[in-house]
Every structure is written in C-alpha cells, then in structure tokens.
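To keep things clear, I will list the structure first and then write my remarks on it.
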Amino acid sequence: MPYNSIELMICLAARNLEDESIVVVGTGAPCAAAMLAQKTSAPNLVILFEAGGMGPILPSMPISVGDSRTFYKALAAGSMPEIMETCQRGMVDYTFLGGAQIDMYGNLNSTMIGTDYNRPKVRLPGSGGANDLASLCWRTMVMTVQNPRRFVEKCDFITTPGYLTGPGAREAAGLPPGSGPYKVITDLCVIGYDQETCRMQVESIHPEVTREQLVVNTGFELLWKRDLTVTSSPTEEELRILRAEVDPYRYVISRAE
Amino acid sequence: MPYNSIELMICLAARNLEDESIVVVGTGAPCAAAMLAQKTSAPNLVILFEAGGMGPILPSMPISVGDSRTFYKALAAGSMPEIMETCQRGMVDYTFLGGAQIDMYGNLNSTMIGTDYNRPKVRLPGSGGANDLASLCWRTMVMTVQNPRRFVEKCDFITTPGYLTGPGAREAAGLPPGSGPYKVITDLCVIGYDQETCRMQVESIHPEVTREQLVVNTGFELLWKRDLTVTSSPTEEELRILRAEVDPYRYVISRAE
Amino acid sequence: MQQAEETEKGRLFMDPDADKAREFFRHKTRQMRDKVITVQKAVQELIHDGDYIAVGGFGTNRIPAAVLHEIVRQRKKNLGLSGHTATHDMQILAAGDCVDRCDVAYVVGLEARGLSKVARRAYETGKIKAVEWSNGALAWRYKAAAMGIPFLPARVMLGTDTAKYSAMKEIPCPYTGIKLAALPALYPDVGIIHVHRADVYGNSQIDGIIVSDQDMARAAKRLIITAERLIPHEEIRRQPDRTVIPFYCVDAVIEVPYGSYPGNMAYEYFSDEEHLREWLDAEKTEAAHQEFMDKYIYKTKDFNEYLELSGGLKKMPRLRRLELLINGESSG
Amino acid sequence: MQQAEETEKGRLFMDPDADKAREFFRHKTRQMRDKVITVQKAVQELIHDGDYIAVGGFGTNRIPAAVLHEIVRQRKKNLGLSGHTATHDMQILAAGDCVDRCDVAYVVGLEARGLSKVARRAYETGKIKAVEWSNGALAWRYKAAAMGIPFLPARVMLGTDTAKYSAMKEIPCPYTGIKLAALPALYPDVGIIHVHRADVYGNSQIDGIIVSDQDMARAAKRLIITAERLIPHEEIRRQPDRTVIPFYCVDAVIEVPYGSYPGNMAYEYFSDEEHLREWLDAEKTEAAHQEFMDKYIYKTKDFNEYLELSGGLKKMPRLRRLELLINGESSG
C-alpha cells in the first residue's frame with residue numbers, strides 16, 4: 001500500500017512506544033503516533049499533555065496541547081506543574097519533540113535562527129515545554145524531516161538538551177542520569193545514538209533511500225550501525241487505522257513535504 | 001455578669017482580632033475566640049485551619065483541626081501545603097498557639113519536658129503546625145494559664161520560635177522580618193512585647209489580680225507597660241454570644257482550671 | 001567562563017525577594033466585598049503602563065481575551081509579560097505594541113497553526129527584550145512565589161543556551177551535591193485569568209485542566225478575574241473543594257460570557273479556528289493588519305462588539321456543538 | 001558551634017536522592033490492571049518489617065484504619081513512620097509496638113482529646129527514635145519528593161531546637177542571600193491513604209480537604225489505597241478534574257466502608273468520640289490495654305469484626321447523622 005513520508009514517520013514512531021508506558025506528547029504527528037500506538041501495539045499507553053491532560057480518550061486530534069480534547073474523558077485533568085513534576089519524578093518514559101535545528105548530539109533549537117540573540121534573523125517560539133521534557137523524561141524521540149538546514153553541525157541556539165557536548169555532559173550539567181535522546185525518526189531513516197560517543201547513528205534506512213541521500217541531507221557526519229537494516233514499511237493495518245481512526249480528516253498526514 | 005478564666009481569655013483574644021483579617025487557629029479556645037470575633041467585632045474575619053479548611057461557616061466547635069467542621073460550607077477546602085504557603089506568602093495576619101512552656105521572648109515548648117532529648121521525662125506531641133505558623137504568620141498570639149511551670153526562664157526545648165534570643169534574632173535565623181509574637185493572653189493579664197528588648201511586657205492586669213500574683217506566677221522577670229491598665233471585663237453581650245452561640249455545649253468554656 | 005556567561009545572561013525583570021512580596025501581601029485587602037466592575041475600569045485602574053503582567057490559561061485555551069483586547073484598546077505601553085505559552089495572547093498584545101520585555105517560554109507561535117508575523121517582528125527588531133525560560137520553569141517560578149519562597153530548585157534548563165540567556169542561577173543540592181537550577185520566584189504586578197465560574201467576591205472555579213493558574217493567581221500582586229458566569233456565593237460554599245482561587249487573591253471580577261473567544265473554553269465552546277486563521281492571515285501586510293485591528297478592536301467599544309463582528313450569537317452555538325462533540329462535528 | 005550542633009542533629013531515615021528515586025519510579029509498573037486485593041494481602045505483600053511508612057489523612061480524619069489495624073495484627077516490626085499529624089494512627093501503631101523510628105511533627109497527642117500514654121511511653125523509653133520536624137516541613141518534604149527534587153526551601157524551623165534535633169540543613173538563597181531551611185525530600189517506602197472513591201485501578205477521588213495526600217501519594221514508592229467505595233472506571237473519566245491520585249501511583253486498592261472509623265470521614269460519618277475515649281482510657285493500665293487490644297485487634301479477624309464490636313451498623317447511622325448535622329445532633 002502506498003504511503004507518504006508523514007505516514008511512514010508516524011507508523012515508525014508508534015512502534016517505538018512500549019505498551020504500559022507513559023508518554024508526553026504535543027499536537028500533530030507525535031500525538032498521531034501515540035494514538036496509533038494505542039490502537040495497535042500499545043493499548044495501555046498513557047498519554048500526557050504538558051498543560052495538564054492525563055490519559056484522555058482522544059476523540060480526535062487536539063489542536064492545542066491545552067485544548068479540551070487533551071483531557072476528554074481523561075483519567076485526570078491536572079496542571080502544568082503536575083505534568084512536569086511527574087516527568088521530574090521519573091515516571092514518564094517517552095517524549096516526542098521537534099525543532100528547527102538538531103545537531104549530532106540531539107540538541108534542539110526552537111528559539112532563533114541567526115547569530116545575534118538580540119537581533120535574531122528569525123525568532124521562533126522558544127522552549128515551550130521542550131527543554132523540560134527533554135531534561136526530565138527517560139527517552140526523547142524526535143520526528144522531523146531530514147535536510148541540511150535542519151541537521152546542522154552546530155545549532156544557532158541550544159534550546160533543548162540532547163547529549164549536549166557528548167558523553168557525561170548531561171550528568172555534568174545536572175540533568176538526571178539515564179535520561180536523554182533515544183531516536184530520531186525522519187523521512188529518510190531511523191537514527192539512534194552510539195552509546196560510546198552519544199552521536200547519532202543510523203539504524204535503518206527507509207525503503208528506496210540511499211546512504212548518499214542521508215549524507216547529502218545531513219550537515220554533520222553520521223555514524224552507521226553495523227547491522228544497518230532497511231526500515232520495514234508500514235503495514236496495511238497500521239495505515240488503515242492511521243487513516244480511518246487516528247486522522248480521518250487528514251490534518252496531520254496531509255502535511256508531507 | 002460573672003465569668004470564668006477561660007471565658008475571659010476567649011473574650012480578650014477575640015478583641016485582638018481585627019475585622020477583615022485572616023487567622024489560622026487550632027481547636028479549643030483559639031477557635032472559640034475566632035468564632036466570637038466573627039459574631040462581634042470582626043464579622044469578616046477569615047478563619048483557616050492548617051489541614052486545609054478555609055473560611056468555613058462553623059456549625060459548632062471542631063474537635064480536630066482537620067475534621068469536617070473545619071471546612072463546612074467553606075470558601076475553599078484545600079491542602080496543608082496550601083495553608084502553610086498562604087502563611088509563608090504573607091497573607092495571614094494572626095495565629096494562636098499554646099504550649100507546655102513559654103519564655104520571656106515568647107518561645108514555646110510543646111516537644112518535651114526534661115534535659116535528655118533521647119530520654120525525655122515527658123514526651124509531648126511536638127511542633128505540629130506551631131513552628132510553621134509562628135514562623136510565617138505576621139502576629140502570633142498565645143492563650144495560656146499563667147503559672148511558674150509554664151512561664152519559665154528557659155524552655156526545656158524551643159519547639160516554636162518567639163523572638164528567640166531577643167532583638168534581631170528572628171531575622172538572623174532567617175525568619176521573615178516583621179513577623180513574631182504579639183500578645184499573650186493569660187488568666188491573669190494581657191501581655192505584649194517591649195519593642196526594644198523583645199521581652200514580655202504586661203499591658204493590662206485582669207480585675208482583682210495583683211502585680212504580686214503575676215510575679216509569683218512567672219518564672220522570669222516581667223516588664224511593665226508604663227500606662228498599665230486594668231483589663232476591661234467581658235461585656236454581657238460577649239458572654240451571651242460566647243455561651244449561647246459559640247460554645248453552647250460548654251466544651252471549651254467549662255475547662256477553666 | 002562563568003563571568004563571560006554572566007554578561008550574556010538576561011536580567012530579572014521582577015524582584016524574587018519573598019520578604020518584599022510579604023510586605024505587599026501584608027497590606028493587600030482581605031475584605032470580602034463585591035468586586036464586580038467593568039473590563040474597561042479594571043484595565044484602567046489595575047493595569048498601568050510599565051506593569052508586568054501574567055495571563056492565565058494556555059495560549060488559545062481559557063484566555064481572558066476581553067481584558068487583553070481592552071489593554072490594546074486603552075493603548076497600554078511598556079508592559080512586561082510572562083511568556084508562559086503566550087500564543088494568541090502574545091499575538092493580541094504584540095498587535096497593540098503593548099509589550100517591551102518578556103520572560104519567554106513560548107511566544108510568537110500559535111502551536112500547530114503557525115507563527116504570528118507581528119509578534120515575531122517585535123522580537124526580531126529588538127522592540128521586545130527577551131529573556132529565556134521554559135514552560136516548566138515559568139510554572140515553577142509562579143509556584144515559588146505562590147509558596148512564598150524566593151526560588152525553587154528544578155532539573156531543567158541546565159546545560160543549554162536557554163539557561164545561558166535566562167537569569168537563572170545554579171546551586172548545589174545540600175544533601176546530594178547534584179547541580180540544580182534555582183528558579184527565581186516570579187511575582188507579576190497583575191495576573192489576568194478567565195474562569196468558568198466566580199462569585200462577586202472573586203472565589204473562582206475552573207473545570208478541567210488548571211494549567212498554572214492556581215499558582216499564578218497566588219503569585220500575582222493584583223488579580224483580574226473574568227468569568228463565563230457569575231454564580232451566587234452560596235454555590236461556592238456548596239462545594240468548597242472546587243474553589244481554585246480564593247477571594248483574597250482577587251481584585252476585580254467581571255462576567256464575560258464567551259470570554260475566551262476565539263480560544264477554547266473547556267465544556268463550553270471550542271476555539272474558532274476560522275477566526276484565528278483570519279487573524280494570522282491579516283498579519284501578512286501591515287495595511288491588512290491595521291484594518292483588522294481597527295475593525296475588531298480599536299473601533300469596537302467592547303468585547304461584545306467584537307463577538308458580534310466575528311459571528312455573534314449565531315456562531316457560538318456552533319462552537320458549542322464542536323466542543324460537546326454534538327452531531328459528529330469535528331474539531332478542525 | 002556549627003560542628004557541635006551537627007552532632008546533635010538527628011539522622012535522615014530516608015535517602016532524599018532524587019536520582020535513586022527516579023531509578024525506582026522508572027521501573028514502577030504503569031500497567032492499568034485490577035489492583036483490588038484484601039487488606040490482609042496488601043499488608044502481607046507490600047509492607048515489610050523495617051519499611052518506612054506514611055499515613056494519609058489527618059490523625060483522626062480520613063485515616064486508613066483497616067490497614068493500620070492489620071499492620072498491628074500481622075505484628076509488623078521496626079517500621080519507620082512519618083509523624084505528620086500522627087494522632088490515632090500513631091496510637092494504633094504504638095499499641096502494636098510496630099515503630100522504631102519516627103520523623104516527628106505531631107505524635108503522641110490526639111489534639112484536644114488528650115495524650116496517648118502508650119505512644120508517649122514508646123518515646124520516653126527511647127524505643128522509638130525521634131527526629132524533629134514540623135507539619136509544614138513534612139508536608140513540604142513529601143512535596144519535594146512528589147516534585148522529583150531532592151529538597152525544597154522553606155522559612156520554617158529556623159532558629160529553634162526543632163531544627164537542631166532535625167536533619168535539616170540551612171542554605172543561603174542564591175538571589176536574595178536570606179537564610180532558608182532546605183527540607184530534604186521524603187520518599188516513604190509505603191504510603192497508605194483512605195479515600196472516598198476509587199476505581200479498581202487506583203484512580204482516586206477525595207472530597208473536602210486533601211491534607212498532604214496529593215503529594216504523599218506521589219512521593220511513596222508503594223501505595224495502598226482503601227476507599228469507602230469502589231466506583232466504575234467510567235465514573236472517574238466523567239470528571240477527570242476530581243482525580244487526586246492517578247492509578248500509576250497505586251499498588252493496591254481495597255474497598256473498606258467506614259474505613260476511617262473511629263475517625264471522621266467528611267460528608268460520610270463523624271468521628272466516634274466515645275470509642276476514642278474508650279481507647280485512651282484503656283491505656284491507663286497495661287492490663288486494660290492488653291485486653292483492649294486483644295478484644296479489638298488481635299482476636300478479630302478483620303476490620304469488619306472490629307466495626308461490629310464497636311457498635312456496627314447500629315452505630316454508623318448515628319455517626320452519619322452527626323456528620324450531616326441531621327436532627328440537631330452536635331459533634332461532641
């Protein structure tokens with residue numbers, strides 16, 4: 001069955017969410033991935049939203065992280081500190097983030113493009129909850145299209161911590177040990193992190209994508225996993241559920257670049 | 001109209017509560033004083049209880065600081081941190097405390113009698129909320145019978161801060177500036193604090209009580225206000241309301257020693 | 001290095017001194033009086049040029065839109081803003097050129113809807129001075145203030161440029177030795193919160209998520225409450241565990257039905273995505289934006305006129321059906 | 001001087017290390033499974049000799065009495081206790097000689113009702129090692145743990161012997177320089193809380209004041225919930241803003257009607273002052289106390305038998321009338 005790049009990323013992201021775990025998501029593709037996971041391999045996944053929604057039965061895709069869908073028939077409707085503190089306490093397994101730039105250590109920029117903080121070329125929204133979630137959740141996943149403007153040697157601004165400058169840097173900065181970047185799911189490949197160097201390491205390449213494409217679309221040197229595989233495509237079942245139940249109005253899955 | 005010493009203390013305490021102020025009280029006489037104040041000179045006094053009750057319409061005297069009377073038809077039913085933080089923020093004007101011992105700086109002991117902490121002669125309940133309230137509320141009042149066992153040169157244990165060792169000591173310890181002991185209302189007199197020395201200073205002596213009685217019943221040297229007065233007795237109206245409306249079952253007012 | 005970083009650090013717009021705040025709160029009235037006034041008077045009397053304000057809700061959800069409009073209408077200037085998920089609220093205030101400094105956690109974006117060109121320009125030109133934080137950090141800064149302590153420790157921002165361009169300091173834990181972020185208490189001059197129900201004294205109830213409003217209400221030195229509906233005082237006392245904000249935090253109460261429009265109000269009405277799109281589109285040219293602002297804010301007398309212009313009582317039932325998932329309406 | 005004071009300081013019974021706690025919580029199950037078991041099994045499986053426990057409610061209000069009795073009945077030993085307004089709960093545990101160490105804020109007293117001789121003796125003989133705190137301090141120690149940080153600053157205990165005989169450290173504020181109490185996070189091994197309603201997964205609702213249970217539930221590594229009544233899961237989802245404790249904090253759920261007896265349960269039944277008086281009186285001699293404990297706890301099979309012995313279904317409606325202020329019953 002044919003699929004577009006957003007559909008592919010959502011299906012791959014969903015597979016990375018273990019059942020009986022807790023995830024904090026934003027709106028859009030990450031939320032679609034969490035919803036798809038609930039309807040496939042992780043029926044008991046608990047979804048939290050940073051504004052306070054906990055374990056809703058999502059009737060449709062939320063538009064805002066704080067809209068009423070995020071706590072529709074929820075287990076609890078709390079507060080932002082409640083969610084952030086649940087993360088800080090060590091109860092939250094996953095989060096999904098995005099950003100305008102990402103470097104090889106998984107550091108993210110969503111603050112500004114340019115070199116002068118006081119006169120940014122482009123002002124972006126800032127951390128929002130991203131810095132908090134990447135600091136506090138056990139495993140941070142990123143879903144993003146892959147191109148040299150996004151995958152950069154050095155972020156113009158490190159809004160949100162990945163592995164910072166490499167091994168030991170998170171712990172040295174005071175961030176909770178054992179937390180950190182986990183996967184980057186792009187339109188070209190699935191990336192993990194090399195344990196020794198904390199650098200991005202390609203784990204599987206999507207069907208019909210070449211290594212050269214990855215190199216060209218990445219502004220830093222990628223590491224390659226020894227047993228590099230071809231990403232297994234979305235199943236018909238995954239695509240059917242995604243299209244029919246998760247995003248019937250195609251708000252998210254129509255946005256493929 | 002005749003009255004006993006508890007009735008007298010409650011009436012005097014009630015007069016010290018300004019209208020449109022906020023007070024945290026415990027059960028017993030302090031609560032009776034706050035209720036009497038609401039029915040006389042301070043109809044808009046807001047009563048808080050440390051377990052979370054805020055602004056109840058008290059149907060009768062609570063037995064516990066956390067029983068359901070403390071939030072009967074209340075403005076809010078919150079939590080203990082909520083109450084303590086309201087005090088810490090500077091929103092609470094008064095609190096009432098008691099204790100087994102009090103010294104001339106208004107320090108209170110409700111922890112133990114004896115000299116060896118690990119083998120106390122008498123183990124008492126401990127701070128409860130007393131230390132918190134005396135640290136954080138603007139004005140601390142104490143209601144107690146006056147005798148040499150209670151009014152001591154040195155507390156066996158300072159559970160709850162008065163002025164500690166005297167001028168500047170609270171601030172040096174880190175306690176909020178401007179907070180501290182305000183009045184001690186006993187069965188013999190009303191005591192304030194001398195601004196310069198932070199020591200107890202008698203303000204008015206109850207009718208038919210002599211200075212000698214005060215001296216004999218106090219284990220330290222009392223200061224005397226220059227314009228020392230005779231305490232004005234409870235009015236008939238105060239006593240009527242106290243007996244008929246505040247404590248009709250005489251739970252508190254029957255306990256005069 | 002430490003020194004070098006210091007020079008890049010942003011400044012603390014508000015004093016985290018808990019003792020000074022205590023002095024203020026000591027004299028804040030505890031009078032349980034009728035605080036109902038108009039939006040116009042509340043903004044006139046309680047918000048002054050130069051004040052630092054905090055907005056409740058979450059960007060396009062449960063926002064005090066009427067007060068935000070009135071701030072623009074009265075052309076308030078040089079406001080400081082807590083940019084705690086400031087989305088449509090930031091967009092409104094930027095359109096009115098009301099803000100000159102901001103503690104940023106999230107600004108200029110409207111989540112999935114896109115970015116506000118007008119808000120961005122205000123930052124890109126340096127018109128608004130920014131200091132960086134995160135949503136969690138600002139939430140905890142309110143909480144520290146609500147708790148009456150000058151800072152709260154947390155484990156966020158550490159190691160990033162977000163910290164470098166914030167005014168945050170690091171401290172070691174006295175028990176475990178780990179490095180912690182010390183987040184300074186944030187006491188806004190004025191808080192503005194839209195709630196589901198309030199009595200005339202300001203005792204307020206919120207349904208669903210509270211975001212950070214329980215803390216911000218307590219942290220703010222002055223507090224304006226707008227409510228979907230006023231309810232009798234007795235109703236508050238019937239369910240005291242529903243009171244999120246007690247009256248003594250509150251300085252003004254205004255009944256503003258549809259007061260979060262075009263934002264979402266849980267259990268009441270969904271966001272008006274059409275109107276939000278119209279607003280974003282109007283930002284494409286200065287002329288269009290001016291016209292838009294004239295039409296909807298400067299030339300309207302009050303929020304009710306704005307509601308009429310944007311669909312009025314005809315549109316509201318549709319947003320209500322969307323919110324309540326009636327007739328299979330979807331949220332798009 | 002500082003050194004001298006150090007030697008007098010009490011010890012930290014529990015590790016405030018947030019990283020170690022995170023490791024524990026990382027592996028705590030998130031499975032939303034039916035957690036309903038018996039009180040007997042819950043105590044057997046979740047509370048071990050030597051554990052440090054925390055009790056919800058407020059001494060004689062909304063206390064998990066059935067679990068406390070079962071701890072005594074199973075003769076658990078060497079428990080640590082958070083003495084956060086531990087009144088009747090302390091009295092029960094002291095009667096069973098279950099506790100050997102205690103973070104004290106309020107113990108041995110039953111508020112206006114008087115002092116428990118048995119509990120006092122346990123402290124006076126040194127059988128229970130005490131470390132001093134205040135109610136606020138213990139509340140904030142739970143809160144620090146719930147927040148996932150190793151300490152919280154506060155402005156209490158400073159300058160007193162309460163601090164001297166605590167394990168609290170002082171720190172300077174990095175912003176204002178003032179001296180603050182740093183209260184170490186308290187992560188109990190087991191929390192025990194009685195609530196109004198819970199579903200089989202542990203999602204719990206409480207009516208009225210929460211005391212410190214929202215924080216303690218999150219701080220505790222294992223959590224036992226007793227509930228006046230179990231409700232369908234759908235009921236929880238009908239009003240999500242009423243959920244005080246989410247299921248993933250909870251390890252066991254037991255329906256125990258009248259579970260706070262002889263304590264007060266707001267909106268359900270008032271405290272049984274007669275029985276509490278009987279208990280205090282029984283403490284006057286060792287023989288009487290032994291007889292009392294035999295009758296009510298050691299020779300009863302479970303909490304229901306205790307309820308029967310103390311008046312059973314005949315007494316409960318009277319306590320309910322007292323609670324609801326029906327027929328002019330007064331609370332005495």
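From a predicted model like this one, the values you see are computed outputs, not experimental measurements. So that the names make sense, note that chain A is the first sequence line, chain B the second, and so on, each numbered from 1.
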Among B:Glu85, B:Met54, B:Glu82, B:Glu171, which residue has the highest count of heavy-atom pairs closer than 4.5 Å to chain D?
B:Glu85
Can you tell me how far apart CG (B:Asp132) and CG (D:Asn135) are? Round to the nearest 0.5 Å.
6.5 Å
Under 4.5 Å heavy-atom distance to chain D, tell me which part of B:Ser64 shows up: side chain, backbone, both or neither.
both
Which bit of B:Phe157 is near chain D, if near means a heavy-atom gap under 4.5 Å: side chain, backbone, both or neither?
both
Specify which of D:Pro172, D:Ala112, D:Ala163 makes the most heavy-atom pairs with chain B at under 4.5 Å.
D:Ala112
Checking heavy atoms, do the side chain of B:Val122, its backbone, both or neither come under 4.5 Å from chain D?
both
Under 4.5 Å from any heavy atom of chain B, what part of D:Val131 do you find: side chain, backbone, both or neither?
backbone
Measuring heavy-atom distances to chain B, does D:Val104 have an atom under 4.5 Å in its side chain, in its backbone, in both, or in neither?
side chain
B:Tyr117 side chain to D:Ala130 main-chain N or O, any donor-acceptor pair under 3.5 Å?
yes
Does the side chain to side chain contact (heavy atoms under 4.5 Å, CB included) test come out yes or no for D:Thr85 and B:Val65, once each step is laid out?
CA-CA 10 Å; D:Thr85 314; B:Val65 170; over 6 Å; no
Working to the nearest 0.5 Å, report the span between OG of B:Ser79 and CE of D:Met216.
13.5 Å
Among D:Ile210, D:Asn264, D:Thr160, the residue with the most heavy-atom pairs under 4.5 Å to chain B is D:Thr160
Hey, could you give me the CZ/CZ distance between B:Phe49 and D:Phe58, rounded to the nearest 0.5 Å?
10.5 Å
With rounding to the nearest 0.5 Å, note down the distance linking CD1 in B:Ile63 to CG in D:Leu110.
11.5 Å
Let me know if B:Asp67 has heavy atoms under 4.5 Å from chain D in its side chain, its backbone, both or neither.
both
Can you tell me how far the CD atom of D:Glu132 sits from the CE atom of B:Met112, to the nearest 0.5 Å?
9.0 Å
Side chain, backbone, both or neither of B:Tyr72 within contact of chain D (heavy atoms, under 4.5 Å)
side chain
Would you say the side-chain atoms of D:Glu124 pair up with the backbone N or O of B:Arg123, donor to acceptor, closer than 3.5 Å?
yes
Using a 4.5 angstrom heavy-atom cutoff, name the option from B:Gly114, B:Ala74, B:Cys155, B:Ala77 with the most pairs to chain D.
B:Ala77
Interface check, chain D: of B:Ala76, B:Pro120, B:Gly53, most non-hydrogen pairs under 4.5 Å belong to B:Pro120
At what distance, to the nearest 0.5 angstrom, does CE of B:Met80 lie from CG of D:Asp215?
11.0 Å
Decide yes or no for B:Pro125 and D:Leu115: does some side-chain heavy atom of the first lie under 4.5 Å from some side-chain heavy atom of the second?
yes
Check whether B:Pro59 gets within reach of chain D through its side chain, its backbone, both or neither, counting any heavy atom under 4.5 Å.
side chain
Can a donor-acceptor pair be found, under 3.5 Å and without considering hydrogens, that links the side chain of D:Thr162 to the backbone of B:Thr159?
yes
Most chain B-contacting option - heavy-atom pairs closer than 4.5 Å, from D:Gln214, D:Glu170, D:Arg155:
D:Arg155
Please flag which part of B:Ile83 lies under 4.5 Å from any non-hydrogen atom of chain D: side chain, backbone, both or neither.
neither
Between B:Pro248, B:Pro176, B:Ala130, who has the most heavy-atom pairs with chain D when the cutoff is under 4.5 Å?
B:Pro176
Identify which part of B:Ser110 has an atom lying under 4.5 Å from any heavy atom of chain D, answering side chain, backbone, both or neither.
neither
State whether a side-chain donor-acceptor pair under 3.5 Å links B:Ser68 with D:Glu323.
yes
Top of D:Lys143, D:Met90, D:Arg113, D:Glu111 for chain B proximity - count of heavy-atom pairs under 4.5 angstrom
D:Glu111
Donor-acceptor contact below 3.5 Å, side chain B:Asn131 vs main chain D:Met157:
yes
Please identify, among D:Ala139, D:Ser134, D:Ala266, D:Ala86, the residue contributing the most non-hydrogen atom pairs under 4.5 Å to chain B.
D:Ser134
Restricting to side chain to side chain donor-acceptor pair (under 3.5 Å), what partner residues turn up for B:Lys39, sequence neighbours left out?
none
Residue B:Leu175 versus chain D: region with a heavy atom under 4.5 Å:
both
Looking at chain D, which one of B:Gly28, B:Gly52, B:Gly78 has the largest number of heavy-atom pairs inside 4.5 Å, strictly under?
B:Gly78
Can you tell me which of B:Thr165, B:Asn118, B:Ile158 forms the most heavy-atom pairs within a distance under 4.5 Å of chain D?
B:Ile158
For D:Thr125 and B:Arg119, what are the C-alpha separation, side-chain angles and deciding distance, and is it a side chain to side chain contact (heavy atoms under 4.5 Å, CB included)?
CA-CA 6 Å; D:Thr125 56; B:Arg119 287 283 186 287; 5.7 Å; no
Side chain, backbone, both or neither: which part of B:Ala172 has a non-hydrogen atom closer than 4.5 Å to chain D?
backbone
